[in-house]
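To start, the structure itself, in structure tokens.
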Amino acid sequence: MTYPSLEFGTGETLHIAWSHYFDGSINIWYRRSNDGGASWQNRHLLWSGSADSGDEYEPGDRGPVLAAGSTGRVDVAWVYYEMTDHNSLYAISSADEGTTWPSPQQAAQLAGPGFLTEPTIETDNRGLSYVLWEEVVHGTPRVISRRSPNLAAGWLPPDTLKPWHTYHKGKPRVAVDDLSTLHLLKLDHTTGVPYSHWGLQMLSNHAGATAFNQQRRITTTTDWFTGAKKMGITYEDNGVIYYLRTTNTGSSWSPPESVGPGEYPALVVQEGSGSPRIAYLKDGQDIMLAVPSLGGWQHYTVFEGNLPYVRPGPPAACYSSWFHNGTVRVAYSVHEHLGEFGPPTHNHIYLSEIVPGYPPVTQVLHTSTLELSRSPTVAYFPEFPSDRLYVAWETEPVILYRSRESGVWSGYLGVSDSYSSPARNPFMEAYGDKAFCVWRGPNTPGGEPGDIWRGRRRISDLSSSWYLKNQSESPYRASEYPVQTGRFASFWQEHVSGDNWDIWYRWENEPPEPFYQSPNPASYPHAVVHYHDNCYYSNAVWTERLADEVYEVRFIRVPRIPTDTDPFYAVATGEPDPSPYCLHRDSTLVYRHTRADFGYRQLRYQLPFLHPSDRYSVWLSLANPGREPADLTISADGILLAKARVLADATISGWLDLPDRLHYDDAMVALELRTSGSGIALTELKVSELDRRPKGGGIQSANRTGRTPELGLHAGPSIAGGRIELSLALTEPARVRLSIYDNAGREQRRVYDGSIEPGRQAWTWDGTDGNGRGLPAGVYFCRADAEGVTATVRLVLVR
């Protein structure tokens, strides 16, 4: 017997697999113990093959590897050397803790001058299995991965991860974390160091790379010309600030470049180009701004603390859009002390605005003498042709802020209340028509600090109040250093045990959960989320302490399939407060268990954040609860969009495209619905953004416009027991293929395959396959492909 593999499953279940070479044959055996190894069940022969191959390898090289997950699934994989230069990789999976086993599957076969190495296999907490191996063909090694979602689907097509320079017998190893993210380790003989290709990456191994700053330290932007996602990261290491960038969504990074001496860096990037701007504190007394120039970095003085006993605090920064001169806003605190070691006598919150080529314009936003004001954060809201600016800070024991619209500042306003105070370490962000602020406040209930709170409010209505919510909901653990990324997620560090901290997050209204877990303390997170190829990506950076005075700056990129693929919502009547943008209604009611807005003859809504460079479509779902048919007219800012007739006790729904001229000069559009009947109920209203920015890729035909088409794919309802309406918006004429796929990636139904003109087209899928048979309940995906540009929506069939 050779090379056994041992794994714990659920509870006290223990699994073992081994190979046995005897009398010209090689056998793969399996046994299971239900009591932690005290007793064992009968062995099970998984596979048997001839060992008379005449190859040079010892029988031990045929040893299997085993993985057991928390879902009761057990996987075994092994390599079989049938003959010289003819190797196969086999895998077998049991779905019932090893009680029954199907026939093995051949996951890979290598025919030719080369060989396969011993595989590695892992199973995640969703029941997905990953098997990785290294193969060498013509002397070139590479690591291959395959994934299996379930027994019936088999193994999905292989994926080449990375070619290595030379072969080395350090086999590839893989681990899967709670987020189903793969972490690959492979020893490259050329460099002699491990290489991490997926997920977690070490960006710096400088001693003392603490990167302590709660402000923006990772940013992302889309290149207007190529469509590439660019990211930049800054951190401090022993009093020196470093910057590094990526143009391939984090797969590889440029070497860290020294910006210069300083601490507490805050990073912003220029929209479209990704050119960085770094605000930082120098020598404990000056606020500086670093801008890249030929041959290095150019440094500008934002605030010069040349007076005795005047000390500024760490800066925060934000960047305006291209049509507002590219202004960088830097917020920071300034403390005047009584003597060199005395307490502060005056505490100020400063805001400096820097336009390249001009001196900074600085103003004092707040001054206090008794309370300590510190930790400012700044957020910019790009509304054309005006703009809005938010600056929030901590003034014991609450979070205060001021907002500026069209150059006019509001008075002092509070974000936190008595229930979420004492409050500290605020972080503010703006997205769409809402402002968000997160901070560390007290646990619930009780008064000890330790939970992460979030407030949100409408930007367009200065009279609206903040809606507060406890994000971390961990009353028996401490939470610290929160950041917010758009409207999507809040990130923070969560105390685990002793001096150990993990990175946690909360995605919109879902429960809080770990984002990154490590046996080492992980602190000071910052994250950004971007939308690409029908998927949201969370890009996070933090500092991990390996030992005393030894730190690493780490980065991870985690994909997240959205529950709805619309990249932006302006209005959704199903929220707890129905129709928050309604300007006029006659009354409200609850209609058929759906929260709806009801108007006798008129409903009028304000649609916020309609950017002049984008296209928008409005989804309306309208019901007539009366006894007579109702005639409707739908218009926006006086422009007629559609006329419709709704029968008694019936519902209609569909998309309407908004003309560009509606929002070219004004970001707010008024949508109006009028009826001649007895009343109308609006059950759903949302706005979908169809991005116009150039995207790379695509196949261009000679008889077409030469421009890459853009897609907007929608489905409703996304959870249904039968008929689902599919809607596709197209900006250019193109050949389109619209298909339904199951969760294993197999095409089940071709809905449409042909040419389509620009505009919106609609189809209906009745939940059947290509032969008209009803598909079983489960998760499916609708995918549209137009000249190489794709869009995907998630569907759920219930039976």
Problem - side-chain hydrogen bond (donor to acceptor under 3.5 Å, both in side chains) assessment of T768 paired with R749 - result: CA-CA 7 Å; T768 62; R749 175 78 176 269; 2.8 Å; yes
Practice task
List the steps and the verdict of side-chain hydrogen bond (donor to acceptor under 3.5 Å, both in side chains) for Q748 and D769.
Solution key: CA-CA 5 Å; Q748 297 293 336; D769 61 12; over 6 Å; no
Handout entry: side-chain hydrogen bond (donor to acceptor under 3.5 Å, both in side chains) between S739 and R750, worked out
Key = CA-CA 4 Å; S739 299; R750 183 75 57 86; 3.2 Å; yes
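For E353 and T327, the side-chain atoms include no donor-acceptor pair closer than 3.5 Å.
Between F436 and S490, every side-chain heavy-atom pair lies at or beyond the 4.5 Å cut-off. Between Y780 and L775, some side-chain heavy-atom pair lies under the 4.5 Å cut-off. Side-chain contact check for Y537 versus V528: every heavy-atom pair is 4.5 Å or farther apart.
A salt bridge does not link R506 with E513: every distance from a Lys NZ or Arg NE/NH1/NH2 to an Asp or Glu carboxylate oxygen is 4.0 Å or more. Under a 4.0 Å N-O distance rule, the pair D753/R735 qualifies as a salt bridge.
Across all non-hydrogen atoms, the minimal contact from L671 to V618 is CD2-CG1, 4.1 Å. For the pair A644 and I652, the tightest heavy-atom approach, listed with the atom from each and the gap, is CB-CD1, 3.8 Å. Taking every heavy atom of both residues into account, Q471 and W492 meet most closely at O-CH2, 3.9 Å.
Side-chain N or O atoms of Y380 include none that pairs as donor or acceptor with a backbone N or O of V328 at under 3.5 Å. Listed for the N624 side chain is no donor-acceptor partner under 3.5 Å among the backbone atoms of I680. Between the side chain of S416 and the main chain of I399, a donor-acceptor pair closer than 3.5 Å is present. At distances below 3.5 Å, at least one donor-acceptor pair connects side-chain atoms of N470 with backbone N or O atoms of S472. Proximity of a side-chain donor or acceptor of R645 to a complementary backbone N or O of D631 within less than 3.5 Å is not detected. Judged by distance alone, the side chain of T485 and the main-chain N or O of V529 form a donor-acceptor pair under 3.5 Å.
Between W439 and F427, a ring centre-to-centre spacing not shorter than 6.0 Å is recorded.
Taking the six-membered ring where tryptophan is involved, the planes of Y390 and Y401 are essentially parallel, since the angle between them stays under 30° and well short of 60°.
The side chain to side chain contact (heavy atoms under 4.5 Å, CB included) search around A527 returns F491, A540, not counting sequence neighbours. Judged as a side chain to side chain contact (heavy atoms under 4.5 Å, CB included), and not counting sequence neighbours, the contacts of D417 are Y419, S420, L468. Residues meeting the side-chain hydrogen bond (donor to acceptor under 3.5 Å, both in side chains) test with T220, sequence neighbours left out: none.
Rounded to the nearest 0.5 Å, atoms CH2 (W765) and CD1 (I724) are 5.5 Å apart.
Within a 6.0 Å sphere centred on CD of E628, heavy atoms belonging to other residues, nucleotides or ligands number 12 at most.
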